[in-house]
Amino acid sequence: MKKDFLTYQAQTTPHPLGIEVERAKGSYIYDTSGKAYLDFVAGVSACSLGHLHPKVVDAIKQQLDLYMHVMVYGEYAQQPAIEFSKLLAEHIEIENATTYLVNSGTEAIEGALKLARRYTGRQEIISAHRAYHGNTMGSLSLMDFEERKKPFYPLIPDINHLHFNAVADISKITTKTAAVILETIQGGAGFIEPQNNYLQKVKERCKEVGALLILDEIQPGFGRTGHLFAFQKYKVTPDILVIGKGMAGGMPAGAFVAKNEIINSLSDHPKMGHITTFGGNAIIAAAALATLKEITSSTLMQETLEKEALFRKLLQHSLIEEIRGTGLMLALIVSSEEVANDLVLKAQEEGLILFWLLFEKRAVRITPPLTISDQEIREGCKKIIQLLDEIEKKPVN
């Protein structure tokens, strides 16, 4: 299988990890030889309820018996999409919250950028240094990482940057600004949390000058931080909320959400200001609805904070300089890039899935399913400490 994978599928890197997957369930992925891998990554935060959660699977099967795709997004009333959007509105603080369902986080970012420009009539978008919002052209334009951007020039114009958590930079937001877009917690930069009411200060400045605040909750959303969305922890409400990843329990989904007055500006002048064929697909929406119901009706969010405390207690080692993040969005910051690489690769050999972050090369991602058990946490952390002991003893070349 791996040979065909490398031959017939486009690759994102020269050396993919290449596990030959046969099945997955709960907190484990199994390869074609039957080897089990404890999953501390959850599809990069996407499998919020683990693999093959029975309520998500049942919702998909029930919807399959009714219909799959019937019409492009926004034309027909379809119960799973309506129920998801209604339930989401009940759990967030956005007034008259209206949801535009799309296919991925990066498409949701594209829609949010278009919405901000359309609603305000302005062009400038301000994002943060070391931001990551996706890889389509608009999302890529928001980065300040030239190595990733330059091969694809020209990108969209009128993008400027501020430093995350730098209050002095807030003055860059002016009456020319359509929107400020920030990750509520910076992901690729190393799971950087906002400090000293930073997001509230940005929101106040946006309000002063008539700009919109877009918060990217693609990664921290859906219970991963102990709140349904991280902005609720930091007590600030965005004008436009962008979601994805863990939204549908491992199925491909994304959305952007704003109050009705804002989001409906995409429906006219021009009509169909944003269109998508498969956004709001009934199967995906059914999975999203089941996921949202489970997260909001269970104790998973409370347990997430308890599990964070267990990770922090168990992951103490001289090669771990700090643990960043909150809830089950954690990053081990180790002593060097080499240690991070060794740990991720050796862990896979030992049946534990870890992964990297995009910009912070000393970081090792820990974003397991919210459903992971304490025993599984203990098992995985024990392996991490054992591997770090081995790495520490390794002769220096």
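Residue numbers start at 1 and run along the sequence shown. Keep in mind it's a predicted model, so treat the numbers as computed, not measured.
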Can you see which heavy atom on [X] is nearest to which on [Y], and at what distance?
X	Y	value
T99	A255	CG2-CB, 3.7 Å
G327	L305	CA-CD2, 4.2 Å
L357	A331	CD1-CB, 3.9 Å
T32	M1	CG2-CE, 3.4 Å

Enumerate, atom names and distances included, each donor-acceptor pair closer than 3.5 Å involving a side-chain atom of residues 176-190, sequence neighbours excluded.
unit_1 : atom_1 : unit_2 : atom_2 : d
T177   : OG1    : E124   : OE1    : 2.5
T177   : OG1    : T174   : N      : 3.0
T177   : OG1    : T174   : O      : 3.2
E183   : OE1    : G187   : N      : 2.9
E183   : OE2    : Y132   : N      : 3.1
T184   : OG1    : E217   : OE2    : 3.0
Q186   : NE2    : H129   : O      : 3.1

Would you say the side chains of [X] and [Y] form a donor-acceptor pair under 3.5 Å?
X	Y	answer
S139	T106	yes
N264	T98	no
Q302	E306	yes
S27	E376	yes
D39	Y28	no
T136	E107	no
H163	D169	yes

- Task: Kindly write out the residues that satisfy ring pair (Phe, Tyr, Trp, His ring centres under 6.0 Å) with F145, not counting sequence neighbours, or none if the list is empty.
- Result: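 F359.
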Check whether any side-chain N or O of [X] sits under 3.5 Å from a backbone N or O of [Y] as a donor-acceptor pair, and report yes or no.
X	Y	result
E110	G138	yes
K114	G273	yes
Q62	A59	no
E337	E360	no
Q316	K313	yes
D216	H133	no
E350	L352	no
S48	S45	no
K2	I19	no
R224	L328	yes

Less than 4.5 Å apart, any side-chain heavy atom of [X] and any of [Y]?
X	Y	value
L332	E322	no
P369	L49	no
L345	L17	yes
I283	M68	yes
W356	N341	yes
I353	Q348	no
T277	Y73	no
I333	I320	no

Supply the atom-to-atom distance [X] [atom1] to [Y] [atom2], rounded to the nearest 0.5 angstrom.
X	Y	atom1	atom2	value
L387	D342	CG	CG	9.5 Å
R118	D268	CZ	CG	7.5 Å
E22	S33	CD	OG	8.5 Å

Is there a path from [X] to [Y] through hydrophobic residues (I, L, V, M, F, W, Y) whose side chains come within less than 4.5 Å of each other?
X	Y	answer
L155	L358	yes
F164	M143	no
I159	L140	no
V72	V70	yes
I384	L310	yes

- Mind telling me whether Y100 and H274 have parallel, tilted or perpendicular rings, with 30° and 60° as the class edges?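 Correct class here is perpendicular.
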- What residue pairs, at least two apart or across chains, pass ring pair (Phe, Tyr, Trp, His ring centres under 6.0 Å) with a residue in residues 40-61?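 Residue pairs with at least one partner in residues 40-61: F40-F311.
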Show me, pair by pair, the donor-acceptor contacts under 3.5 angstrom made by side chains of residues 75-89, not counting sequence neighbours?
unit_1 : atom_1 : unit_2 : atom_2 : d
Q79    : NE2    : E83    : OE2    : 2.5
S85    : OG     : A81    : O      : 2.9

- Distance flag, aromatic centroids of Y234 and Y198, threshold under 6.0 Å: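 Y198 vs Y234: aromatic centres not under 6.0 Å.
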- Message: Between N160 and K172, does the side chain to side chain contact (heavy atoms under 4.5 Å, CB included) criterion hold? Intermediate values first, please.
- Response: CA-CA 9 Å; N160 291 306; K172 294 181 178 181; over 6 Å; no
- Message: Walk me through whether E392 and S318 qualify under side chain to side chain contact (heavy atoms under 4.5 Å, CB included).
- Response: CA-CA 9 Å; E392 191 172 39; S318 58; 2.5 Å; yes
- Query: What salt bridge (charged side-chain N to carboxylate O under 4.0 Å, His left out) pairs are there with at least one residue in residues 185-212, not counting sequence neighbours?
  - Reply: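 Only E193-K233, R205-E208 qualify under salt bridge (charged side-chain N to carboxylate O under 4.0 Å, His left out).
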- Query: Where do E146 and K150 land on the salt bridge (Lys or Arg N to Asp or Glu O under 4.0 Å) test, with the steps shown first?
  - Reply: CA-CA 5 Å; E146 288 302 308; K150 194 171 182 179; over 6 Å; no
- Please walk me through it: do H91 and F229 pass side chain to side chain contact (heavy atoms under 4.5 Å, CB included)? CA-CA 9 Å; H91 285 278; F229 296 103; over 6 Å; no
- Please say which of K394, R362, K346, K361 ends up in a salt bridge (charged side-chain N to carboxylate O under 4.0 Å, His left out) with E338.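 Checked K394, R362, K346, K361 against E338; only one passes salt bridge (charged side-chain N to carboxylate O under 4.0 Å, His left out): K394.
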Show every donor-acceptor pair shorter than 3.5 Å between a side-chain atom in residues 236-253 and any protein atom, with sequence neighbours excluded, or say none if there are none.
unit_1 : atom_1 : unit_2 : atom_2 : d
D239   : OD2    : L213   : N      : 2.8
K245   : NZ     : V44    : O      : 3.4

- R324 charged N/C atom sitting above F191 aromatic ring, 6.0 Å / 45°: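 No cation-pi geometry.
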- Query: Would D389 and H317 count as a side chain to side chain donor-acceptor pair (under 3.5 Å) if you check the C-alpha gap in whole Å, the side-chain angles of each, and the deciding distance to 0.1 Å?
  - Reply: CA-CA 8 Å; D389 284 342; H317 194 278; 2.7 Å; yes
